[in-house]
Undergrad: 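Submitted below is the structure of interest, expressed as structure tokens.
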Amino acid sequence: MDSRTHNCGELTKKNINKNVHLLGWVNSTRTHGKIIFIDIRDRFGKTQIILNSDSLIERGKSLSNEDVISVRGKVIARSEDLINKNIITGEIEVVAEELEILNMAAPLPMSIHDREASTEEHRLKYRYLELRNSELQNNLIIRHKTTQVVRNFLNDQNFIEIETPVLTKSTPEGARDYLVPSRVHNGKFYALPQSPQMYKQLFMISGLDRYFQIVKCFRDEDLRSDRQPEFTQIDIEMSFVDEEHIRDMVEKLIVTVFDKVNNIKMQTPFPILSYKDSMNKFGTDKPDLRYSMEIQNFKKFSDQSDFQAFKNSESVNMIHVNNVERFSRKVISELDSYAQSLGAKGLAWMKYKDGSFEGGISKFFNQDLQSDIASDCNINDDSICFMVADSTQLSLKVLGKIRVKVAEMLSLFDNSVFKPVWIVDFPLFDWDEDNQRFDSVHHPFVAPKDNDIEIAISEPGKAISKGYDIVINGYEVAGGSIRIHDQELQQKIFETMNLTQEDISNKFGFFIDALKFGTPPHGGIAFGLDRLVMLLAGVNNIRDVIAFPKTTSASALMEDSPNTVSDEQLDDLGIDIKEHEKNV
């Protein structure tokens, strides 16, 4: 077969009177009297083909959408009234001289161009067909461009790309490991890496100074729209740096990516919020700053009211928003149910109109108190206030979720606007009530603030870490930290997490040993490439930027994975399957 002269998205007026050869899929056919129009499509675009001879018309009548064809013909100009300004090839068409059907398509089990016409499960089963959709192809092109920009930028910054092992050792990093049984070492298991954390730190110990990798990671955890069991990180580590060095380099990388991939200009430096301020103002450590609606402490007002239900609560917090007319009784009831589903006892409310509050719990606040609330909280006319009373943590969390829900309902944000923010000064530890021990907020290799090194051991719950996240439009796009480079401190951190000496030796012995041989100060960050591309592509589901994603139950419907294996394979590995698990 002769090669094509052009793809289906590049012919223009400069090609008029040229003989061309196009290859692609039949996108559509239209019959007009004794002429058949065909749109031939490939990854690059569409070109209109004209069949106007008897032999070609007869052959054209047998064509179906998604047949693969070869067309030879001459480029002509479209008449002025038929020009399609929405596509590059819209000023021309090709009069066919030869038409060959290379492969006939069976009736399609799904629509390629209308994704909403099929369920997501059905589309994932026929993902190879769904990937013919131009939007999904464009998402993958954006992903490709992003990785190329990242590689070029980091290469220019003297980073070197180094691969790390995929078969590694199971270590406690926050999520369940995917385990791989060893046939050679019967009864023992490799783990798929949740991240290359220890390896990249070992590169710093090795003196490689600046490392990066675009790497697959695996976590056996509950899934959602922005999470997959296997995902891709842009993994970065640097020696002889502090938090400001990392932030500066990351900001330059993000600015470059958004500029070169989407032609979006970002201003630096990015704003910085402490974890505590972020939680108090937005009820989350992943705030969307495209809209304000900050949480305000309402307890001083509720304590002066006659509303007894609030008086015994540890915390009462409030948000307020304009467009009060959008909040009918039905909408308020739905928000109340949502708040209760998050653990709140309920969602209190009152509307502010014509200089006073009305409805909801307004009757419990006298006029003077109402005036103080409106003034101190900067509440505008035609606004509504929502309040949650509970523990501080729960009250903030629920209002943070309500804030996002209301913003979505009122379309308070613009998806073409990007608002990055650094979240810093995370706690070093969380207290695990169930197991009565301290767990790392990020991971056990995060360094405490210099002034908190001693209390990281004596009062772990008060220690602040050198961890940092970059959040864009409510999504955590990257997270990292300055690492512990002192062997003794790392040992004590493990002990603070209630790991026994045997645990430390078995899980991290080689790493602890490596730290004593002259480890430089170092730190790094890991981007979730899938989430970053999701933002660049303007989609809300991470599965739309991954070629072959899993479902929310971690299943691959197209290839029917995971699946059973033969008894012979299990025997080789020395594995027995419990009977009740076979029947699940």
Side-chain angles (χ1 to χ4, degrees), residues 109 119-131 163-200 202 213-233 235 432 434-435 439 443-444 497 499-511 526 528-530 542-543 546-584:
T119 65
E120 185 174 41
E121 288 76 13
H122 191 69
R123 287 186 276 115
L124 287 176
K125 183 176 180 180
Y126 295 98
R127 183 66 165 185
Y128 49 88
L129 292 178
E130 189 183 24
L131 285 175
E163 293 182 346
T164 50
V166 173
L167 296 176
T168 183
K169 184 176 184 176
S170 180
T171 58
E173 291 191 40
R176 297 183 189 89
D177 286 323
Y178 278 101
L179 300 177
V180 181
S182 169
R183 178 186 60 82
V184 176
H185 303 282
N186 209 261
K188 295 185 177 181
F189 295 81
Y190 299 102
L192 301 180
Q194 294 186 32
S195 75
Q197 183 61 49
M198 283 191 288
Y199 291 111
K200 64 182 180 180
L202 290 170
Q213 184 182 188
I214 298 178
V215 59
K216 278 284 188 183
C217 302
F218 308 85
R219 292 178 188 173
D220 187 4
E221 58 187 350
D222 295 333
L223 307 182
R224 56 186 184 228
S225 64
D226 66 340
R227 183 181 285 172
Q228 282 277 295
E230 53 178 306
F231 56 96
T232 306
Q233 283 186 352
D235 204 45
D432 181 346
D434 292 337
N435 295 301
D439 281 337
H443 54 68
M497 296 171 62
L499 293 174
T500 66
Q501 197 57 49
E502 184 179 2
D503 290 333
I504 297 169
S505 180
N506 288 340
K507 301 291 186 183
F508 307 106
F510 71 96
F511 183 73
L529 174 64
D530 312 292
I542 205 168
R543 292 188 285 278
I546 298 173
F548 295 103
K550 305 291 191 293
T551 67
T552 52
S553 61
S555 298
L557 301 181
M558 184 185 70
E559 63 269 41
D560 192 20
S561 172
N563 212 318
T564 55
V565 297
S566 68
D567 289 340
E568 288 79 9
Q569 287 174 286
L570 293 175
D571 287 342
D572 277 347
L573 297 168
I575 291 176
D576 289 323
I577 305 296
K578 290 183 179 179
E579 194 62 35
H580 74 276
E581 291 180 347
K582 282 185 178 179
N583 296 329
V584 172

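Not measured: the values here are computed from a predicted model. Position 1 is the first residue of the sequence, and the numbers go up from there.
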Undergrad: Could you check whether any side-chain heavy atom of Pro193 comes within less than 4.5 Å of a side-chain heavy atom of Thr164, counting everything from C-beta outward?
TA: no
Undergrad: Mind running side-chain contact (heavy atoms from CB on, under 4.5 Å) on Phe189 and Asp177 for me, showing each step along the way?
TA: CA-CA 11 Å; Phe189 295 81; Asp177 286 323; over 6 Å; no
Undergrad: Is Pro196 close to Pro165 at the side-chain level, that is, under 4.5 Å between some pair of heavy atoms?
TA: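 Contact flag for Pro165/Pro196 side chains = no.
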Undergrad: Please check this pair: side chain of Gln228 against backbone of Ile542, looking for a donor-acceptor N/O pair closer than 3.5 Å.
TA: no
Undergrad: For side-chain contact (heavy atoms from CB on, under 4.5 Å), just list the numbers for Asp235 and Ser195, CA-CA rounded to whole Å, side-chain angles, deciding distance to a tenth of an Å, and then say yes or no.
TA: CA-CA 8 Å; Asp235 204 45; Ser195 75; 5.5 Å; no
Undergrad: Any ion pair linking Glu130 and Arg127 (charged N to carboxylate O, less than 4.0 Å)?
TA: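 Looking at Arg127 and Glu130, the cut-off is met.
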Undergrad: Do Glu221 and Arg176 come within less than 4.5 Å of each other through their side chains, counting heavy atoms only?
TA: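 No; the side chains remain at least 4.5 Å from each other.
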Undergrad: Nearest 0.5 Å, please: how far is CD in Glu230 from CD1 in Ile546?
TA: 8.0 Å
Undergrad: From Lys125 NZ over to Tyr128 OH, what is the distance, rounded to the nearest 0.5 angstrom?
TA: 8.5 Å
Undergrad: Is a side-chain N or O of His185 found less than 3.5 angstrom from the main chain of Tyr190, in a donor-acceptor match?
TA: no
Undergrad: Ignoring hydrogens, what is the shortest heavy-atom contact between Pro562 and Ser555? Give both atom names and the distance.
TA: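 Scanning both residues completely, I find the closest heavy atoms to be CD-CA, 4.3 Å.
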Undergrad: Any idea which heavy atoms bring Leu124 and Met558 closest together, and the distance?
TA: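 Closest approach of Leu124 to Met558, heavy atoms only: O-CB, 3.5 Å.
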Undergrad: Please lay out, stage by stage, how Arg543 and Thr552 fare under the test side-chain contact (heavy atoms from CB on, under 4.5 Å).
TA: CA-CA 10 Å; Arg543 292 188 285 278; Thr552 52; 3.6 Å; yes
Undergrad: Rounded to the nearest 0.5 Å, how far does CG of Asp567 lie from CG of Asp576?
TA: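 Reported to 0.5 Å precision, the distance equals 9.5 Å.
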Undergrad: Measuring only between side-chain heavy atoms, which start at C-beta, is Glu121 closer than 4.5 Å to Leu557?
TA: yes
Undergrad: Quick one: closest heavy-atom pair of Phe218 and Phe231, and the distance?
TA: N-CE2, 4.2 Å
Undergrad: Between the side chain of Asn435 and the main-chain N/O of Asp432, is any donor-acceptor distance below 3.5 Å?
TA: no
Undergrad: For the residue pair Leu192 and Thr168, what are the closest heavy atoms and their distance?
TA: C-CG2, 4.3 Å
Undergrad: With side-chain contact (heavy atoms from CB on, under 4.5 Å) as the test, would you mind laying out the steps for Lys169 and Met198 before giving the verdict?
TA: CA-CA 11 Å; Lys169 184 176 184 176; Met198 283 191 288; over 6 Å; no
Undergrad: First locate atom CG of Asp530, then atom OG1 of Thr232, and finally report the distance between them rounded to the nearest 0.5 Å.
TA: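 Here the rounded value is 4.5 Å.
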Undergrad: Quick one: side-chain contact (heavy atoms from CB on, under 4.5 Å) partners of Glu502, sequence neighbours excluded?
TA: Thr500, Asn506
Undergrad: What closest approach, in Å, do Ser182 and Leu573 show between heavy atoms, and which atom pair accounts for it?
TA: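 Ser182 and Leu573 have their closest heavy atoms at C-CD2, 3.9 Å.
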